[in-house]
Protein chains: 2
Amino acid sequence: MAPLKVHGSPMSTATQRVLVCLYEKDLDFEFVPVNMGTGDHKKEPFISRNPFGQVPAFEDGDLTLFESRAITQYIAHTNADKGTQLLIMEDPIPKKMAIMSVWMEVEAHQFDRSTSKLAWEVVFKPMFGMTTDTAAVSEEEAKLNKILDVYEARLAQSKYIGGDSFSLADMHHLPNLGYLMETPYKSYFESRPHVSAWCKDILARPAWAKVKAMKA
Amino acid sequence: MAPLKVHGSPMSTATQRVLVCLYEKDLDFEFVPVNMGTGDHKKEPFISRNPFGQVPAFEDGDLTLFESRAITQYIAHTNADKGTQLLIMEDPIPKKMAIMSVWMEVEAHQFDRSTSKLAWEVVFKPMFGMTTDTAAVSEEEAKLNKILDVYEARLAQSKYIGGDSFSLADMHHLPNLGYLMETPYKSYFESRPHVSAWCKDILARPAWAKVKAMKA
(Lines give C-alpha, C1' and ligand atoms only; values in the text may rest on other atoms or scores of the structure.)
Protein backbone atom coordinates (compact mmCIF):
# COMPACT_ATOMS: atom_id res chain seq x y z
CA MET A 1 0.00 0.00 0.00
CA ALA A 2 1.37 3.43 -0.92
CA PRO A 3 2.15 5.45 2.20
CA LEU A 4 0.19 8.54 3.13
CA LYS A 5 2.06 11.65 1.98
CA VAL A 6 2.01 15.21 3.26
CA HIS A 7 3.50 17.92 1.04
CA GLY A 8 4.12 21.07 3.05
CA SER A 9 6.29 23.11 5.38
CA PRO A 10 6.77 22.43 9.11
CA MET A 11 6.50 26.21 9.71
CA SER A 12 3.04 26.45 8.12
CA THR A 13 0.10 26.32 10.53
CA ALA A 14 -2.07 24.47 8.00
CA THR A 15 0.66 21.85 7.49
CA GLN A 16 1.06 21.48 11.26
CA ARG A 17 -2.71 20.89 11.57
CA VAL A 18 -2.43 17.83 9.31
CA LEU A 19 0.80 16.58 10.92
CA VAL A 20 -0.60 16.68 14.45
CA CYS A 21 -3.62 14.72 13.22
CA LEU A 22 -1.42 11.99 11.72
CA TYR A 23 0.56 11.75 14.97
CA GLU A 24 -2.63 11.60 17.08
CA LYS A 25 -3.77 8.74 14.85
CA ASP A 26 -0.39 6.91 15.04
CA LEU A 27 -0.25 6.68 11.26
CA ASP A 28 2.91 6.21 9.23
CA PHE A 29 3.40 8.84 6.57
CA GLU A 30 6.00 10.40 4.31
CA PHE A 31 6.66 14.12 4.69
CA VAL A 32 7.64 15.89 1.46
CA PRO A 33 9.02 19.37 2.19
CA VAL A 34 7.85 22.18 -0.09
CA ASN A 35 10.30 25.09 -0.21
CA MET A 36 8.10 28.14 0.21
CA GLY A 37 11.18 30.41 0.24
CA THR A 38 11.71 29.66 -3.45
CA GLY A 39 7.96 29.76 -4.15
CA ASP A 40 7.68 26.05 -4.90
CA HIS A 41 4.07 26.07 -3.61
CA LYS A 42 3.13 28.34 -6.52
CA LYS A 43 4.72 26.07 -9.18
CA GLU A 44 4.34 22.60 -10.64
CA PRO A 45 4.28 19.91 -9.41
CA PHE A 46 2.69 21.39 -6.28
CA ILE A 47 -0.09 23.38 -7.95
CA SER A 48 -1.40 20.21 -9.58
CA ARG A 49 -2.03 19.00 -6.03
CA ASN A 50 -3.55 22.30 -4.85
CA PRO A 51 -4.53 24.77 -7.60
CA PHE A 52 -4.65 27.57 -5.01
CA GLY A 53 -0.90 27.16 -4.36
CA GLN A 54 -1.19 26.79 -0.57
CA VAL A 55 0.40 24.12 1.62
CA PRO A 56 -0.33 21.41 2.56
CA ALA A 57 -1.48 18.82 0.06
CA PHE A 58 -2.18 15.24 1.11
CA GLU A 59 -2.10 11.96 -0.77
CA ASP A 60 -3.69 8.63 0.12
CA GLY A 61 -3.00 6.41 -2.87
CA ASP A 62 -4.90 7.87 -5.81
CA LEU A 63 -6.72 10.43 -3.65
CA THR A 64 -5.25 13.93 -3.43
CA LEU A 65 -6.71 16.45 -0.99
CA PHE A 66 -5.95 20.00 0.10
CA GLU A 67 -7.45 22.36 2.74
CA SER A 68 -6.11 21.24 6.12
CA ARG A 69 -9.49 20.85 7.85
CA ALA A 70 -10.88 18.68 5.05
CA ILE A 71 -7.77 16.50 5.33
CA THR A 72 -8.02 16.09 9.13
CA GLN A 73 -11.72 15.16 8.85
CA TYR A 74 -10.91 12.55 6.21
CA ILE A 75 -8.13 11.10 8.38
CA ALA A 76 -10.34 11.07 11.50
CA HIS A 77 -13.29 9.40 9.74
CA THR A 78 -11.32 6.78 7.82
CA ASN A 79 -9.10 5.83 10.78
CA ALA A 80 -11.72 5.93 13.55
CA ASP A 81 -10.27 2.80 15.18
CA LYS A 82 -6.63 3.99 15.31
CA GLY A 83 -4.83 6.18 17.86
CA THR A 84 -6.83 8.97 19.52
CA GLN A 85 -10.56 9.11 18.76
CA LEU A 86 -10.86 12.65 17.33
CA LEU A 87 -14.63 12.59 16.78
CA ILE A 88 -17.23 12.96 19.54
CA MET A 89 -18.80 9.52 19.77
CA GLU A 90 -21.14 10.06 22.74
CA ASP A 91 -24.92 9.65 22.47
CA PRO A 92 -26.80 11.20 20.86
CA ILE A 93 -23.98 11.11 18.27
CA PRO A 94 -25.56 13.37 15.58
CA LYS A 95 -26.21 16.12 18.13
CA LYS A 96 -22.81 15.82 19.84
CA MET A 97 -21.05 15.78 16.47
CA ALA A 98 -23.04 18.86 15.40
CA ILE A 99 -21.83 20.75 18.48
CA MET A 100 -18.25 19.71 17.65
CA SER A 101 -18.85 21.03 14.10
CA VAL A 102 -20.07 24.37 15.46
CA TRP A 103 -16.79 24.82 17.33
CA MET A 104 -14.74 23.65 14.34
CA GLU A 105 -16.43 26.45 12.40
CA VAL A 106 -15.72 28.90 15.24
CA GLU A 107 -12.03 27.93 15.08
CA ALA A 108 -11.97 28.43 11.31
CA HIS A 109 -13.96 31.67 11.12
CA GLN A 110 -13.21 33.43 14.41
CA PHE A 111 -10.08 32.10 16.11
CA ASP A 112 -8.01 31.35 13.03
CA ARG A 113 -8.77 34.64 11.27
CA SER A 114 -7.80 36.68 14.30
CA THR A 115 -4.77 34.68 15.47
CA SER A 116 -3.41 34.22 11.93
CA LYS A 117 -3.42 38.00 11.45
CA LEU A 118 -1.72 38.55 14.81
CA ALA A 119 0.88 35.84 14.15
CA TRP A 120 1.55 37.39 10.73
CA GLU A 121 2.06 40.85 12.25
CA VAL A 122 4.09 39.95 15.35
CA VAL A 123 5.85 36.67 14.47
CA PHE A 124 6.32 36.38 10.71
CA LYS A 125 6.70 40.01 9.61
CA PRO A 126 9.62 40.62 12.04
CA MET A 127 11.14 37.30 10.88
CA PHE A 128 11.05 38.54 7.26
CA GLY A 129 12.27 42.07 8.11
CA MET A 130 8.86 43.60 7.44
CA THR A 131 7.17 46.32 9.53
CA THR A 132 4.29 45.43 11.86
CA ASP A 133 1.04 47.32 11.15
CA THR A 134 0.14 48.60 14.61
CA ALA A 135 -3.42 49.65 13.64
CA ALA A 136 -4.16 46.14 12.34
CA VAL A 137 -2.68 44.69 15.53
CA SER A 138 -4.92 46.83 17.79
CA GLU A 139 -8.01 45.85 15.84
CA GLU A 140 -7.18 42.15 16.10
CA GLU A 141 -6.29 42.38 19.79
CA ALA A 142 -9.80 43.68 20.50
CA LYS A 143 -11.33 40.87 18.43
CA LEU A 144 -9.20 38.20 20.12
CA ASN A 145 -10.22 39.45 23.57
CA LYS A 146 -13.90 39.12 22.65
CA ILE A 147 -13.36 35.65 21.18
CA LEU A 148 -11.51 34.48 24.28
CA ASP A 149 -14.30 35.79 26.52
CA VAL A 150 -16.67 33.45 24.67
CA TYR A 151 -14.13 30.61 24.97
CA GLU A 152 -13.81 31.19 28.72
CA ALA A 153 -17.60 30.86 29.14
CA ARG A 154 -17.69 27.75 26.92
CA LEU A 155 -14.74 26.07 28.69
CA ALA A 156 -16.30 26.76 32.10
CA GLN A 157 -19.10 24.39 31.02
CA SER A 158 -17.26 21.91 28.80
CA LYS A 159 -13.82 20.39 29.44
CA TYR A 160 -12.92 20.63 25.76
CA ILE A 161 -14.12 23.14 23.20
CA GLY A 162 -16.10 20.64 21.10
CA GLY A 163 -17.44 18.47 23.95
CA ASP A 164 -16.37 16.29 26.88
CA SER A 165 -13.38 14.76 25.10
CA PHE A 166 -10.45 16.06 23.03
CA SER A 167 -11.51 16.26 19.38
CA LEU A 168 -10.69 17.78 16.00
CA ALA A 169 -12.24 21.02 17.32
CA ASP A 170 -9.48 21.40 19.93
CA MET A 171 -6.73 19.98 17.74
CA HIS A 172 -7.33 22.53 14.98
CA HIS A 173 -6.37 25.35 17.39
CA LEU A 174 -2.89 24.02 18.16
CA PRO A 175 -0.82 25.59 15.35
CA ASN A 176 -1.90 29.21 15.87
CA LEU A 177 -1.96 28.72 19.63
CA GLY A 178 1.60 27.40 19.48
CA TYR A 179 2.82 30.56 17.75
CA LEU A 180 0.90 33.01 19.97
CA MET A 181 2.09 31.36 23.19
CA GLU A 182 5.61 32.46 22.22
CA THR A 183 4.50 36.11 22.10
CA PRO A 184 3.18 38.61 24.68
CA TYR A 185 -0.34 37.39 23.72
CA LYS A 186 0.36 34.45 26.02
CA SER A 187 -1.18 36.64 28.74
CA TYR A 188 -4.49 36.78 26.84
CA PHE A 189 -4.78 33.03 27.32
CA GLU A 190 -3.24 32.73 30.78
CA SER A 191 -5.40 35.47 32.33
CA ARG A 192 -8.56 33.41 31.72
CA PRO A 193 -8.55 30.38 34.06
CA HIS A 194 -10.53 27.92 31.94
CA VAL A 195 -8.83 28.98 28.71
CA SER A 196 -5.49 28.69 30.46
CA ALA A 197 -6.15 25.14 31.72
CA TRP A 198 -7.38 24.10 28.27
CA CYS A 199 -4.29 25.53 26.53
CA LYS A 200 -1.97 23.79 29.00
CA ASP A 201 -3.78 20.49 28.45
CA ILE A 202 -3.85 20.49 24.65
CA LEU A 203 -0.35 21.97 24.18
CA ALA A 204 1.05 19.12 26.33
CA ARG A 205 -0.15 16.39 23.96
CA PRO A 206 2.70 14.13 22.77
CA ALA A 207 1.48 14.44 19.17
CA TRP A 208 2.02 18.21 19.34
CA ALA A 209 5.55 17.74 20.72
CA LYS A 210 6.33 15.64 17.63
CA VAL A 211 5.16 18.46 15.33
CA LYS A 212 7.25 21.01 17.24
CA ALA A 213 10.30 18.74 16.87
CA MET A 214 9.86 18.89 13.08
CA LYS A 215 10.16 22.70 13.15
CA ALA A 216 13.50 22.57 14.94
CA MET B 1 -42.42 17.34 18.06
CA ALA B 2 -41.16 20.91 18.40
CA PRO B 3 -40.61 22.42 14.95
CA LEU B 4 -37.19 23.32 13.65
CA LYS B 5 -36.54 27.04 14.20
CA VAL B 6 -34.27 29.47 12.38
CA HIS B 7 -33.53 32.80 14.05
CA GLY B 8 -32.07 35.23 11.54
CA SER B 9 -32.54 37.79 8.79
CA PRO B 10 -33.58 37.01 5.19
CA MET B 11 -30.95 39.56 4.02
CA SER B 12 -28.08 37.75 5.75
CA THR B 13 -26.06 35.37 3.57
CA ALA B 14 -25.46 32.98 6.48
CA THR B 15 -29.20 32.87 7.24
CA GLN B 16 -29.96 32.27 3.55
CA ARG B 17 -27.50 29.34 3.56
CA VAL B 18 -29.56 27.60 6.25
CA LEU B 19 -32.92 28.50 4.67
CA VAL B 20 -31.99 27.11 1.26
CA CYS B 21 -30.89 23.90 2.96
CA LEU B 22 -34.24 23.51 4.74
CA TYR B 23 -36.09 24.10 1.47
CA GLU B 24 -33.88 21.60 -0.40
CA LYS B 25 -34.74 19.08 2.30
CA ASP B 26 -38.50 19.87 2.20
CA LEU B 27 -38.54 20.38 5.97
CA ASP B 28 -41.13 22.38 7.87
CA PHE B 29 -39.63 25.10 10.03
CA GLU B 30 -40.48 28.28 11.86
CA PHE B 31 -38.59 31.43 10.86
CA VAL B 32 -38.01 33.88 13.71
CA PRO B 33 -36.85 37.27 12.35
CA VAL B 34 -34.01 38.97 14.24
CA ASN B 35 -34.00 42.73 13.76
CA MET B 36 -30.37 43.53 12.99
CA GLY B 37 -31.25 47.21 12.43
CA THR B 38 -31.93 47.57 16.16
CA GLY B 39 -28.97 45.34 17.05
CA ASP B 40 -31.11 42.49 18.38
CA HIS B 41 -28.43 39.97 17.31
CA LYS B 42 -26.08 41.52 19.89
CA LYS B 43 -28.59 41.27 22.78
CA GLU B 44 -30.46 38.67 24.80
CA PRO B 45 -32.22 36.42 24.02
CA PHE B 46 -30.24 36.01 20.77
CA ILE B 47 -26.75 35.97 22.27
CA SER B 48 -27.70 33.02 24.45
CA ARG B 49 -28.22 31.14 21.19
CA ASN B 50 -24.99 32.43 19.58
CA PRO B 51 -22.50 34.08 21.96
CA PHE B 52 -20.74 35.68 18.98
CA GLY B 53 -23.90 37.68 18.17
CA GLN B 54 -24.13 36.63 14.53
CA VAL B 55 -27.19 35.33 12.69
CA PRO B 56 -28.46 32.69 12.22
CA ALA B 57 -29.10 30.40 15.17
CA PHE B 58 -30.94 27.12 14.74
CA GLU B 59 -33.02 25.00 17.10
CA ASP B 60 -34.01 21.37 16.84
CA GLY B 61 -35.82 20.61 20.10
CA ASP B 62 -33.25 20.94 22.88
CA LEU B 63 -30.33 21.33 20.46
CA THR B 64 -29.20 24.87 19.61
CA LEU B 65 -26.60 25.40 16.89
CA PHE B 66 -24.95 28.38 15.22
CA GLU B 67 -22.45 28.77 12.34
CA SER B 68 -24.38 28.27 9.09
CA ARG B 69 -22.15 25.53 7.63
CA ALA B 70 -22.33 23.44 10.82
CA ILE B 71 -26.13 23.77 10.70
CA THR B 72 -26.41 22.70 7.05
CA GLN B 73 -24.18 19.68 7.69
CA TYR B 74 -26.34 18.65 10.65
CA ILE B 75 -29.53 19.03 8.57
CA ALA B 76 -28.03 17.10 5.62
CA HIS B 77 -26.76 14.22 7.79
CA THR B 78 -29.85 13.83 9.99
CA ASN B 79 -32.31 14.09 7.09
CA ALA B 80 -30.42 12.05 4.49
CA ASP B 81 -33.65 10.38 3.30
CA LYS B 82 -35.65 13.59 2.77
CA GLY B 83 -35.76 16.01 -0.19
CA THR B 84 -32.54 16.55 -2.14
CA GLN B 85 -29.56 14.35 -1.22
CA LEU B 86 -26.95 17.02 -0.35
CA LEU B 87 -24.10 14.63 0.43
CA ILE B 88 -22.05 12.80 -2.19
CA MET B 89 -23.07 9.18 -1.80
CA GLU B 90 -21.13 7.62 -4.68
CA ASP B 91 -18.51 4.91 -4.14
CA PRO B 92 -15.99 5.08 -2.67
CA ILE B 93 -18.03 7.24 -0.26
CA PRO B 94 -15.23 8.34 2.13
CA LYS B 95 -13.09 9.57 -0.79
CA LYS B 96 -15.97 11.28 -2.61
CA MET B 97 -17.13 12.91 0.62
CA ALA B 98 -13.56 14.10 1.30
CA ILE B 99 -13.45 15.80 -2.09
CA MET B 100 -16.80 17.47 -1.34
CA SER B 101 -15.28 18.63 1.99
CA VAL B 102 -12.27 20.13 0.20
CA TRP B 103 -14.60 22.29 -1.90
CA MET B 104 -16.72 23.20 1.10
CA GLU B 105 -13.51 24.51 2.68
CA VAL B 106 -12.65 26.34 -0.55
CA GLU B 107 -16.07 28.03 -0.47
CA ALA B 108 -15.56 29.04 3.18
CA HIS B 109 -11.94 30.19 2.98
CA GLN B 110 -11.57 31.48 -0.59
CA PHE B 111 -14.91 32.24 -2.25
CA ASP B 112 -16.80 33.51 0.80
CA ARG B 113 -14.00 35.76 2.05
CA SER B 114 -13.59 37.43 -1.32
CA THR B 115 -17.25 37.70 -2.33
CA SER B 116 -18.38 38.80 1.16
CA LYS B 117 -15.91 41.69 1.03
CA LEU B 118 -17.05 42.67 -2.47
CA ALA B 119 -20.74 42.43 -1.54
CA TRP B 120 -20.05 44.57 1.54
CA GLU B 121 -18.29 47.22 -0.54
CA VAL B 122 -20.59 47.38 -3.57
CA VAL B 123 -23.99 46.20 -2.29
CA PHE B 124 -24.32 46.88 1.45
CA LYS B 125 -22.21 50.03 1.92
CA PRO B 126 -24.17 51.98 -0.74
CA MET B 127 -27.42 50.65 0.86
CA PHE B 128 -26.32 52.08 4.23
CA GLY B 129 -25.04 55.37 2.75
CA MET B 130 -21.40 54.43 3.36
CA THR B 131 -18.49 55.04 0.97
CA THR B 132 -17.00 52.15 -1.01
CA ASP B 133 -13.27 51.57 -0.41
CA THR B 134 -11.95 51.41 -3.96
CA ALA B 135 -8.52 50.05 -2.97
CA ALA B 136 -10.14 47.16 -1.10
CA VAL B 137 -12.38 46.51 -4.10
CA SER B 138 -9.43 46.32 -6.53
CA GLU B 139 -7.60 43.88 -4.28
CA GLU B 140 -10.63 41.61 -3.99
CA GLU B 141 -11.37 41.79 -7.72
CA ALA B 142 -7.90 40.39 -8.42
CA LYS B 143 -8.44 37.62 -5.85
CA LEU B 144 -11.87 36.73 -7.22
CA ASN B 145 -10.49 36.46 -10.75
CA LYS B 146 -7.86 33.98 -9.57
CA ILE B 147 -10.41 31.98 -7.60
CA LEU B 148 -12.77 31.80 -10.59
CA ASP B 149 -9.93 30.63 -12.84
CA VAL B 150 -9.53 27.65 -10.51
CA TYR B 151 -13.31 27.12 -10.50
CA GLU B 152 -13.40 27.17 -14.31
CA ALA B 153 -10.76 24.40 -14.45
CA ARG B 154 -12.57 22.38 -11.77
CA LEU B 155 -15.99 22.74 -13.42
CA ALA B 156 -14.56 21.72 -16.80
CA GLN B 157 -13.89 18.32 -15.19
CA SER B 158 -16.78 18.00 -12.74
CA LYS B 159 -20.41 19.00 -13.33
CA TYR B 160 -20.73 20.33 -9.78
CA ILE B 161 -18.05 21.84 -7.58
CA GLY B 162 -18.04 19.00 -5.01
CA GLY B 163 -18.58 16.09 -7.39
CA ASP B 164 -20.98 14.69 -10.01
CA SER B 165 -24.14 15.76 -8.19
CA PHE B 166 -25.40 18.95 -6.52
CA SER B 167 -24.26 18.98 -2.88
CA LEU B 168 -23.69 21.18 0.16
CA ALA B 169 -20.50 22.39 -1.55
CA ASP B 170 -22.51 24.05 -4.36
CA MET B 171 -25.39 25.10 -2.14
CA HIS B 172 -23.13 27.05 0.22
CA HIS B 173 -22.16 29.39 -2.66
CA LEU B 174 -25.73 30.54 -3.41
CA PRO B 175 -26.13 33.49 -1.00
CA ASN B 176 -22.99 35.40 -2.03
CA LEU B 177 -23.47 34.40 -5.65
CA GLY B 178 -27.03 35.75 -5.49
CA TYR B 179 -25.82 39.16 -4.36
CA LEU B 180 -22.91 39.40 -6.83
CA MET B 181 -25.07 38.43 -9.81
CA GLU B 182 -26.97 41.68 -9.25
CA THR B 183 -23.75 43.71 -9.62
CA PRO B 184 -21.30 44.32 -12.49
CA TYR B 185 -19.36 41.28 -11.13
CA LYS B 186 -21.92 39.18 -12.98
CA SER B 187 -19.49 39.39 -15.93
CA TYR B 188 -16.77 37.66 -13.89
CA PHE B 189 -19.00 34.59 -13.75
CA GLU B 190 -20.57 34.81 -17.20
CA SER B 191 -17.25 35.23 -19.03
CA ARG B 192 -16.14 31.75 -17.93
CA PRO B 193 -18.24 29.12 -19.75
CA HIS B 194 -18.19 26.33 -17.16
CA VAL B 195 -18.60 28.72 -14.23
CA SER B 196 -21.45 30.40 -16.11
CA ALA B 197 -23.31 27.12 -16.75
CA TRP B 198 -22.84 26.10 -13.11
CA CYS B 199 -24.18 29.44 -11.81
CA LYS B 200 -27.19 29.26 -14.11
CA ASP B 201 -27.92 25.71 -12.94
CA ILE B 202 -27.66 26.26 -9.19
CA LEU B 203 -29.33 29.69 -9.18
CA ALA B 204 -32.36 28.13 -10.92
CA ARG B 205 -33.08 25.69 -8.09
CA PRO B 206 -36.64 26.02 -6.72
CA ALA B 207 -35.29 26.04 -3.14
CA TRP B 208 -33.29 29.18 -3.94
CA ALA B 209 -36.36 30.89 -5.45
CA LYS B 210 -38.11 30.31 -2.11
CA VAL B 211 -35.27 32.03 -0.22
CA LYS B 212 -35.34 34.97 -2.63
CA ALA B 213 -39.09 35.31 -2.08
CA MET B 214 -38.45 35.73 1.66
CA LYS B 215 -36.20 38.76 0.97
CA ALA B 216 -38.95 40.55 -0.97
Side-chain angles (χ1 to χ4, degrees), chain A residues 14 17 42 47-54 57-58 60-80 92-113 116 143 146-154 157 162 169, chain B residues 14 17 42 47-54 57-58 60-80 92-113 116 143 146-154 157 162 169:
Chain A
R17 198 170 287 119
K42 301 291 181 194
I47 57 160
S48 287
R49 298 192 179 100
N50 178 357
F52 292 100
Q54 295 170 341
F58 175 78
D60 181 1
D62 61 354
L63 177 72
T64 300
L65 301 175
F66 56 96
E67 284 289 345
S68 62
R69 296 170 188 83
I71 299 168
T72 60
Q73 288 183 72
Y74 171 75
I75 294 170
H77 282 279
T78 52
N79 296 280
I93 291 176
K95 292 188 178 186
K96 298 283 185 181
M97 286 282 279
I99 291 168
M100 180 188 81
S101 289
V102 166
W103 292 94
M104 285 169 63
E105 293 289 321
V106 167
E107 183 279 323
H109 295 286
Q110 309 273 358
F111 186 86
D112 180 82
R113 288 196 195 187
S116 289
K143 283 187 194 168
K146 284 188 186 173
I147 293 166
L148 292 181
D149 284 344
V150 175
Y151 275 47
E152 181 64 12
R154 167 71 180 159
Q157 304 199 328
Chain B
R17 198 171 287 120
K42 301 293 181 192
I47 56 160
S48 287
R49 299 192 179 99
N50 179 356
F52 292 101
Q54 294 171 341
F58 175 80
D60 181 3
D62 62 354
L63 177 72
T64 301
L65 301 175
F66 56 96
E67 284 289 346
S68 63
R69 297 170 187 84
I71 299 168
T72 60
Q73 288 183 72
Y74 171 75
I75 294 169
H77 282 278
T78 52
N79 296 280
I93 290 176
K95 291 188 179 186
K96 298 284 186 181
M97 286 282 278
I99 292 168
M100 180 187 80
S101 289
V102 166
W103 291 93
M104 285 168 65
E105 294 289 320
V106 168
E107 182 279 323
H109 295 286
Q110 310 273 357
F111 186 84
D112 180 82
R113 287 196 196 187
S116 290
K143 283 187 194 169
K146 283 189 188 173
I147 293 166
L148 292 181
D149 284 344
V150 175
Y151 274 47
E152 180 65 12
R154 167 71 180 157
Q157 303 199 329

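Below, chain A is the first sequence line, B the second, and so on; all start at residue 1.
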Select one option (side chain, backbone, both, neither) describing which atoms of [X] are under 4.5 Å from chain A's heavy atoms.
| X | result |
| --- | --- |
| B:Asp112 | side chain |
| B:Ala153 | neither |
| B:Ile71 | neither |

Next item on the list: Flag the pair B:Glu67 / A:Gln110 as yes when at least one side-chain heavy-atom distance between them is below 4.5 Å, and no otherwise.
Entry: yes

Next item on the list: Would you mind reporting whether A:Tyr74 and B:Val102 have side-chain heavy atoms less than 4.5 Å apart?
Entry: no

Note to self: At a heavy-atom distance under 4.5 Å, which candidate from B:Val106, B:Thr78, B:Ile99 has the highest pair count against chain A?
What the structure shows: B:Val106

Checklist line | Nearest-0.5 Å distance that lies between atom CD in B:Glu105 and atom OG in A:Ser68 | finding: 7.0 Å

Notebook entry, point to check: With respect to chain B, which residue among A:Pro92, A:Ala70, A:Ala108, A:Ser101 yields the maximal number of heavy-atom pairs within a distance under 4.5 Å?
Noted result: A:Ala70

Note to self: Are more than 12 heavy atoms, taken from residues, nucleotides or ligands other than B:Lys146, located less than 6.0 Å from that residue's NZ atom?
What the structure shows: no

Next item on the list: Counting only heavy atoms closer than 4.5 Å, note whether A:Arg113 contacts chain B via side chain, backbone, both or neither.
Entry: side chain

Next item on the list: Name the orientation class of the two ring planes belonging to A:His109 and B:His109 (parallel below 30°, tilted from 30 to 60°, perpendicular beyond 60°).
Entry: parallel

Margin query: Checking A:Lys95 against B:Asp62 for the salt bridge (charged side-chain N to carboxylate O under 4.0 Å, His left out) test, could you report, in this order, the C-alpha distance in whole Å, the side-chain angles of both residues, the deciding distance, and whether it holds?
Written below: CA-CA 10 Å; A:Lys95 292 188 178 186; B:Asp62 62 354; 3.1 Å; yes

